[in-house]
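Heads up: the structure comes next, in structure tokens.
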Number of protein chains: 2
Amino acid sequence: MTASATITSRQSVSPFIRKLRQEAALLPEDEAILADLTNSKRSVERGDVLREGAHQRSIVLVFEGWVYRYRQLENGKRQITAVFVPGDLCQPFGATPRVLDHSLAALNAAVLSFVPPRLLLSIAHANPRIEEALWCDLLKTDVLAREHMVSLGRRLATERLGHFFCEMHERLTAVGLADGDTFDLPLTQVDLADLFGLSAVHVNRALQELRSSGLLSMRNRRATLPEVAALRELSMFNPAYPQQNAVISDRA
Amino acid sequence: MTASATITSRQSVSPFIRKLRQEAALLPEDEAILADLTNSKRSVERGDVLREGAHQRSIVLVFEGWVYRYRQLENGKRQITAVFVPGDLCQPFGATPRVLDHSLAALNAAVLSFVPPRLLLSIAHANPRIEEALWCDLLKTDVLAREHMVSLGRRLATERLGHFFCEMHERLTAVGLADGDTFDLPLTQVDLADLFGLSAVHVNRALQELRSSGLLSMRNRRATLPEVAALRELSMFNPAYPQQNAVISDRA
DNA sequence: CGGTTGCTTGAGATCCATCAATAGGAGTGG
DNA sequence: CCACTCCTATTGATGGATCTCAAGCAACCG
């Protein structure tokens with residue numbers, strides 16, 4: 001565990017493969033196939049990557065940087081429905097809608113891959129291990145979406161934020177982008193407000209409460225969770241155990 | 001279109017097939033394959049079907065009745081994250097989590113099919129039309145989940161409820177379970193509260209507001225939307241056009 | 001430097017939650 | 001048929017979580 005950090009540098013193994021490794025037992029040849037996917041990289045600036053109503057043909061895979069999905073309402077309000085970090089697929093891997101119901105934007109300069117769903121599907125069809133890993137990843141994304149709904153519906157502002165920090169800490173750790181209890185967090189308070197259905201003012205006050213409780217500190221767009229256990233307790237965060245991975249087979 | 005209603009009675013064509021027909025051009029042989037899936041029906045009573053933490057092996061397909069997915073929090077609060085009606089798959093078709101993160105319950109007596117994901121996957125692999133239809137269905141479920149988040153985060157109580165009635169009206173019409181502007185709605189006000197992160201008292205008052213505006217009437221667990229257009233306007237509901245179906249191919 | 005962006009703070013308004021009580025219907029048992 | 005309970009819908013009063021408006025401040029940047 002500790003030794004692998006030196007062997008597999010961030011450059012050599014993409015976070016996507018790194019994440020899928022935890023979902024299924026991939027062979028070196030599987031990883032080679034997946035590595036090919038990430039050759040079609042494209043750099044994007046901060047701002048919209050795809051806009052609602054676009055005729056999209058590709059699945060977006062995040063390589064570097066942070067990306068989020070949102071919907072802009074007629075009345076000017078905005079709701080962010082998901083946040084993606086390196087290694088994440090921004091849509092289900094098997095198909096794209098003809099017309100997008102949401103927009104996709106980069107929080108900062110990012111590197112993305114645009115993969116045709118047909119390509120991903122044919123790889124999955126030909127390779128059961130990759131197929132299982134992709135489905136596991138899809139299910140985990142679904143779990144995150146449900147947790148987000150729980151936050152929006154039934155948690156207080158401090159709990160929503162605390163839960164989110166715990167979640168990002170876990171997700172970033174899984175792809176090697178956390179430094180112990182510290183990680184980058186490029187979201188502004190306005191972004192957090194639109195993510196959790198709050199006002200920016202209230203996000204500010206809730207963050208102050210977490211900081212004064214000693215559960216969070218932020219400096220230069222980096223967050224530190226000095227007491228992860230206490231923060232998880234406060235925000236009712238249940239860590240996802242790798243044993244809970246998805247399965248395709250119906251064997252016991 | 002109009003004639004088919006007499007030819008295909010509710011008994012002869014399952015709502016599942018009826019829905020998938022709208023997603024992709026299915027041949028009679030495809031429908032025969034899908035009809036086999038629905039042979040393993042099981043009747044369930046009102047109440048939990050699967051409980052959080054269960055070791056689930058099958059995908060649940062709704063035949064008759066209403067089903068919902070929810071999470072029960074430590075502090076006693078409940079959040080309903082999705083509502084399913086006949087024809088709906090309650091999970092992504094390709095895999096199941098080893099351990100469920102949520103519970104599934106029937107609102108009333110229901111008829112369900114429990115389908116192993118491996119079976120669905122092998123059918124999809126062998127049949128590109130069914131595969132496309134299943135992916136379309138999965139994407140549409142995702143769109144509904146996002147709309148739900150928008151409601152939870154950025155809509156007023158009356159808007160959330162109005163939007164939901166519009167959505168259910170559209171979904172039930174698609175499977176032939178709406179009678180013009182009227183349809184069954186077996187949710188109690190407590191259920192609606194847990195679906196939208198509100199208190200039951202406030203749901204009650206918001207419903208009264210909709211009724212006094214002439215946008216809704218309810219009697220005996222049946223809802224009528226006398227002014228669908230006005231209700232859609234109020235709740236910022238955008239109907240889903242069939243043209244927006246998902247696609248796997250990357251052709252223009 | 002002026003302009004922009006993001007963070008912070010205060011005061012008052014609003015949406016919604018909570019508590020408490022009533023009433024009607026559906027089922028149940030005597 | 002009645003008494004009883006449970007569930008659901010309803011109403012009023014009060015309080016709390018959060019919003020909106022408004023202003024000030026710091027950091028960055030061309």
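Sequence lines set the chain letters: A, B, ... in the order given, protein chains first and strands last, and positions in each chain run from 1.
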Sub-4.5 Å side-chain heavy-atom contact between B:Leu89 and B:Leu138: no
Non-hydrogen side-chain atoms of B:Ser58 and B:Thr96 separated by less than 4.5 Å: no
N/O donor-acceptor pairs under 3.5 Å from side chains in residues 192-202 of chain A, not counting sequence neighbours:
residue: A:Asp194; atom: OD1; partner: B:Arg154; partner atom: NH2; Å: 2.7
residue: A:Asp194; atom: OD2; partner: A:Arg78; partner atom: NE; Å: 2.7
residue: A:Asp194; atom: OD2; partner: A:Arg78; partner atom: NH2; Å: 3.0
residue: A:Ser199; atom: OG; partner: A:His202; partner atom: N; Å: 3.2

Contact span of DNA chain D against chain B, any nucleotide atom under 4.0 Å from a heavy atom, 5' to 3', runs D:dT8 to D:dA13
Could you walk me through whether A:Asp142 and B:Asp142 pass side chain to side chain contact (heavy atoms under 4.5 Å, CB included), step by step? CA-CA 9 Å; A:Asp142 264 24; B:Asp142 265 23; 4.1 Å; yes
In numerical order, the residues of residues 151-167 of chain A whose heavy atoms come under 4.0 Å of DNA chain C are none
Could you check if a side-chain atom of A:Leu37 sits within less than 4.5 angstrom of a side-chain atom of A:Ser113, using non-hydrogen atoms only? no
Does a side-chain heavy-atom distance below 4.5 Å link B:Leu177 with B:Phe183? no
Do A:Ser40 and A:Phe114 come close enough that some side-chain heavy atom pair is under 4.5 Å? no
Please output the side-chain donor-acceptor pairs of residues 215-234 of chain B that fall under 3.5 Å, not counting sequence neighbours, one pair per line with the distance.
residue: B:Arg222; atom: NH1; partner: B:Asp184; partner atom: OD1; Å: 2.9
residue: B:Thr224; atom: OG1; partner: B:Thr182; partner atom: OG1; Å: 3.0

For a side chain to side chain contact (heavy atoms under 4.5 Å, CB included) check, start with the C-alpha distance between A:Arg42 and A:Val49, then their side-chain angles and the critical distance, and finish with the verdict. CA-CA 11 Å; A:Arg42 190 195 306 174; A:Val49 175; over 6 Å; no
Applying side-chain contact (heavy atoms from CB on, under 4.5 Å) to B:Ala145 and not counting sequence neighbours gives A:Met149
Scan residues 214-224 of chain A against DNA chain C and write down, sorted by residue number, each residue with any heavy atom closer than 4.0 Å; if none is found, say none. A:Arg221
Sorted by position of nearest nucleotide on DNA chain D, 5' first, the leading residue of B:Asn204 and A:His202 is B:Asn204
Between the two ends of the helix from C:dC1-D:dG30 to C:dG30-D:dC1, what is the bend in degrees, rounded to 10 degrees, where each end axis spans five pairs? 40°
Please name all residues satisfying side-chain contact (heavy atoms from CB on, under 4.5 Å) with A:Glu45, sequence neighbours left out, ordered by chain then number. none
Under 4.0 Å from any atom of DNA chain D, heavy atoms only: list the residues of residues 181-189 of chain B that qualify, in numerical order. B:Thr188, B:Gln189
Validation row: B:Asp88, B:Lys19 side chains within 4.5 angstrom (heavy atoms): yes
What verdict does the side chain to side chain contact (heavy atoms under 4.5 Å, CB included) test give for A:Leu161 and A:Thr158, after you've listed the backbone C-alpha separation in whole Å, the side-chain angles of each residue and the deciding distance to 0.1 Å? CA-CA 5 Å; A:Leu161 291 166; A:Thr158 49; 6.0 Å; no
For A:Asp48, side-chain contact (heavy atoms from CB on, under 4.5 Å) partners two or more places apart: A:Arg51, A:Tyr70, A:Ala105
Boundaries of the chain A footprint along DNA chain C (any atom under 4.0 Å from a heavy atom): C:dG6 to C:dA11
Taking side chain as C-beta onward, heavy atoms only, is A:His102 less than 4.5 Å from B:Arg146? yes
Atom pairs and distances, donor-acceptor, side-chain atoms in residues 162-169 of chain B, under 3.5 Å, two or more places apart:
residue: B:His163; atom: NE2; partner: B:Glu147; partner atom: OE1; Å: 3.3
residue: B:His163; atom: NE2; partner: B:Arg155; partner atom: NH2; Å: 3.4
residue: B:Glu167; atom: OE2; partner: B:Arg171; partner atom: NH1; Å: 2.9
residue: B:His169; atom: NE2; partner: B:Gly180; partner atom: O; Å: 2.9

Close side-chain approach of B:Val60 and B:Leu104, heavy atoms under 4.5 Å: yes
I want to confirm an ordering. Mapping B:Gln208 and B:Arg46 to their closest nucleotides on DNA chain D, which one lands closer to the 5' end? B:Arg46
